[in-house]
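For this chain, numbers begin at 1 and follow the sequence in order. None of the values given here were measured: they were computed from a predicted structure. Note: hydrogens, waters and symmetry copies are ignored here, and every other heavy atom, side chains too, is used.
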Amino acid sequence: MKFARFLADGAIRAGVVNGEVIREIEGNMFTAWDYTGNVFRYDRVSLVAPLAPRHVIGIGANYVASSEQLPVELPDIPVFFFKPSSSVVGPEAEVVIPSGVGEVKFESELAVVIGKEAKQVSEEDVWSYIFGYTVANDVTAPQFFHPDGHWTIGKSFDTFTPLGPVIETELDPRAVSVKVRVNGEEKQNSSTKLMIISISKMISYLSHVMTLQPGDVILTGSPVGAELVGPGTVIECDVDGIGTLRNTFVAAKAPAVSIQRS
């Protein structure tokens with residue numbers, strides 16, 4: 001199934017995509033829901049992010065360029081980071097480049113949506129805790145990275161986590177292609193087989209650190225090829241079996257906040 005959220009008749013609604021239409025649903029998509037009977041044309045509504053995430057957790061530097069580069073030994077502590085839910089936007093939303101920053105980096109990623117509470121889950125059991133998958137663009141302003149390696153500010157600006165267009169519940173994510181086009185030119189195209197930390201390993205690891213809840217989103221890393229881009233750039237992130245997430249990058253109208261030492 002493909003779940004979507006969309007704006008229609010002045011309200012944000014949820015539904016199941018069925019060909020050229022969306023059948024509206026009511027209830028909790030993770031637990032119990034039913035069709036309302038309302039049907040909307042897919043091309044007549046404005047899609048928003050397919051969920052309002054509880055947490056967004058990313059992993060850094062998780063792809064290699066070829067299978068020969070996959071490490072024999074995995075890191076003891078993977079590089080994870082949080083992104084605020086306030087950074088989430090949907091398809092076609094503008095990504096705002098902070099004032100004073102000429103360019104930011106796009107990072108096309110497969111995103112995992114957790115469907116039920118997960119605590120101390122084994123790698124073998126991870127799949128039963130996953131609700132589905134969507135496409136993410138982990139936008140980054142590396143100019144705001146702390147010299148000691150802290151990434152939070154550079155990942156956290158409003159609009160820096162586009163998600164969509166849908167949540168696909170029927171997908172085997174272990175061998176799909178993650179791609180991106182920049183103004184129509186392909187810049188990233190890698191199989192998820194080139195992940196260093198697999199989806200099952202990363203979610204099992206996280207579940208031993210924190211209790212994952214329905215609506216948590218895990219960004220699984222970006223393939224080699226991410227670049228800095230400026231205002232006016234159209235980024236199309238694509239994952240096989242899910243669809244294309246399209247956003248335009250624009251310049252900020254107000255300056256970013258800076259902290260001055262007294």
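- Between the S191 side chain and the S177 main chain, no donor and acceptor come within less than 3.5 Å of each other.
- Of the possible polar contacts, none joining the T140 side chain to the K105 backbone as a donor-acceptor pair under 3.5 Å is found.
- Using a cutoff of 4.0 Å between basic side-chain nitrogens and carboxylate oxygens, K119 and E117 are not scored as salt-bridged.
- Checking S222 against Q188 by side-chain atom types alone, a donor-acceptor pair falls below 3.5 Å.
- When side chains are defined from C-beta on, V112 counts as touching I203, because their heavy atoms get closer than 4.5 Å.
- T233 places none of its side-chain heavy atoms less than 4.5 Å from the side chain of T248.
- A donor and an acceptor atom, one from each side chain of E168 and T134, are nowhere located under 3.5 Å apart.
- Of all non-hydrogen atoms in C237 and V180, the two that sit nearest each other are SG-CG2, 3.9 Å.
- Taken to the nearest 0.5 Å, the OG atom of S204 stands 13.5 Å off from the CD1 atom of I199.
- No donor-acceptor pair closer than 3.5 Å links the side chain of K179 to the backbone N or O of E186.
- Hydrophobic clustering, with ILVMFWY side chains joined whenever heavy atoms are under 4.5 angstrom apart, groups I197 together with L110.
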Side-chain polar contacts of residues 19-28 - donor-acceptor pairs under 3.5 angstrom, sequence neighbours left out - could you list them?
residue	atom	partner	partner atom	Å
E24	OE1	T36	OG1	2.9
E24	OE1	N38	ND2	2.6
E24	OE2	R13	NH1	3.1
N28	OD1	F30	N	2.8

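- The backbone N or O of G90 lies less than 3.5 Å from a partner atom in the side chain of N247, making a donor-acceptor pair.
- A donor-acceptor contact shorter than 3.5 Å links the side chain of N183 to the backbone of V234.
- A salt bridge links E123 with K201; the closest basic N to acidic carboxylate O contact falls under 4.0 Å.
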**OP:** Start with the C-alpha gap between L163 and V135, add the side-chain angles, then the distance that decides, and say whether side-chain contact (heavy atoms from CB on, under 4.5 Å) holds.
**Re:** CA-CA 6 Å; L163 296 176; V135 185; over 6 Å; no
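- Here the straight-line distance linking atom CG of D216 with atom CG of L51 works out to 9.5 Å at 0.5 Å rounding.
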Original post:
Can you check side-chain contact (heavy atoms from CB on, under 4.5 Å) on I235 and V182, steps first, answer last?
Top reply: CA-CA 5 Å; I235 304 294; V182 178; 3.8 Å; yes
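- With hydrogens and angles ignored, the 3.5 Å screen pairs no side-chain donor or acceptor of S87 with any backbone N or O of F157.
- Looking only at distances, a side-chain donor or acceptor of E170 sits under 3.5 Å from a matching main-chain atom of M1.
- Inter-residue side-chain proximity for I196 and L74 is flagged as met; some heavy-atom pair is nearer than 4.5 Å.
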**OP:** Test side-chain contact (heavy atoms from CB on, under 4.5 Å) on L206 and I57 and set out the steps.
**Re:** CA-CA 9 Å; L206 285 170; I57 306 167; 4.1 Å; yes
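- A donor-acceptor contact closer than 3.5 angstrom links the side chains of D125 and S122.
- Side-chain contact between M202 and F80: present, with at least one pair of heavy atoms (C-beta onward) separated by less than 4.5 Å.
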Original post:
What's the verdict on side-chain contact (heavy atoms from CB on, under 4.5 Å) for V89 and T161, showing C-alpha distance, side-chain angles and the deciding distance?
Top reply: CA-CA 6 Å; V89 293; T161 314; over 6 Å; no
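- Note: I114 CD1 to R54 CZ = 10.5 Å, rounded to the nearest 0.5 Å.
- Between L219 atom CG and F81 atom CZ the span is 6.0 Å, to the nearest 0.5 Å.
- Take T152 and apply the side chain to side chain contact (heavy atoms under 4.5 Å, CB included) test, not counting sequence neighbours, and it matches S156.
- Remark: D158 pairs with no residue by the salt bridge (charged side-chain N to carboxylate O under 4.0 Å, His left out) rule, at least two apart or across chains.
- For the pair P223 and Y63, the minimum side-chain heavy-atom distance is below 4.5 Å.
- Rounded to the nearest 0.5 angstrom, L70 CG and E68 CD are separated by 8.5 Å.
- For an aromatic pair to be called close, the ring centres must be under 6.0 Å apart, and Y42 with F6 fails this.
- Counting non-hydrogen atoms of neighbouring residues, nucleotides and ligands closer than 6.0 angstrom, the CD1 atom of I153 reaches no more than 12 such neighbours.
- Distance alone, capped at 3.5 Å, places no donor-acceptor pair between the N62 side chain and the M195 backbone.
- The hydrophobic clustering, which links ILVMFWY residues whose side-chain heavy atoms are closer than 4.5 Å, places L7 and V17 apart.
- Here the side chain of R181 pairs no donor or acceptor atom with the backbone of E236 at under 3.5 angstrom.
- Of the possible donor and acceptor atoms, one in the side chain of T192 sits under 3.5 Å from a partner among the backbone N and O of R174.
- For the atom pair CG (D172) and CG (D240), the distance works out to 11.5 Å, reported to the nearest 0.5 Å.
- Taking the charged nitrogens against the carboxylate oxygens, E227 and K187 do have a contact shorter than 4.0 Å, which makes a salt bridge.
- By the rule that hydrophobic residues join a cluster once side-chain heavy atoms approach within less than 4.5 Å of another member, Y133 and V178 end up as members of one cluster.
- Considering all non-hydrogen atoms of both residues, V224 and A65 come closest at CG2-N, 3.8 Å.
- Under the 30°/60° scheme for interplanar angles, the aromatic rings of F3 and W33 are found to stand perpendicular.
- Residues M29 and F131 meet the side-chain proximity criterion, which asks for heavy atoms closer than 4.5 Å.
- A chain of hydrophobic side-chain contacts below 4.5 Å, direct or via other Ile, Leu, Val, Met, Phe, Trp or Tyr residues, connects I218 to V176.
- Inter-residue side-chain proximity for P53 and V88 is flagged as met; some heavy-atom pair is nearer than 4.5 Å.
- Connection of V126 to Y205 is established within a shared hydrophobic cluster, with ILVMFWY side chains joined at heavy-atom distances below 4.5 Å, either directly or through further cluster members.
- Side-chain atoms of P162 and V95, non-hydrogen and from C-beta on, do get closer than 4.5 Å to each other.
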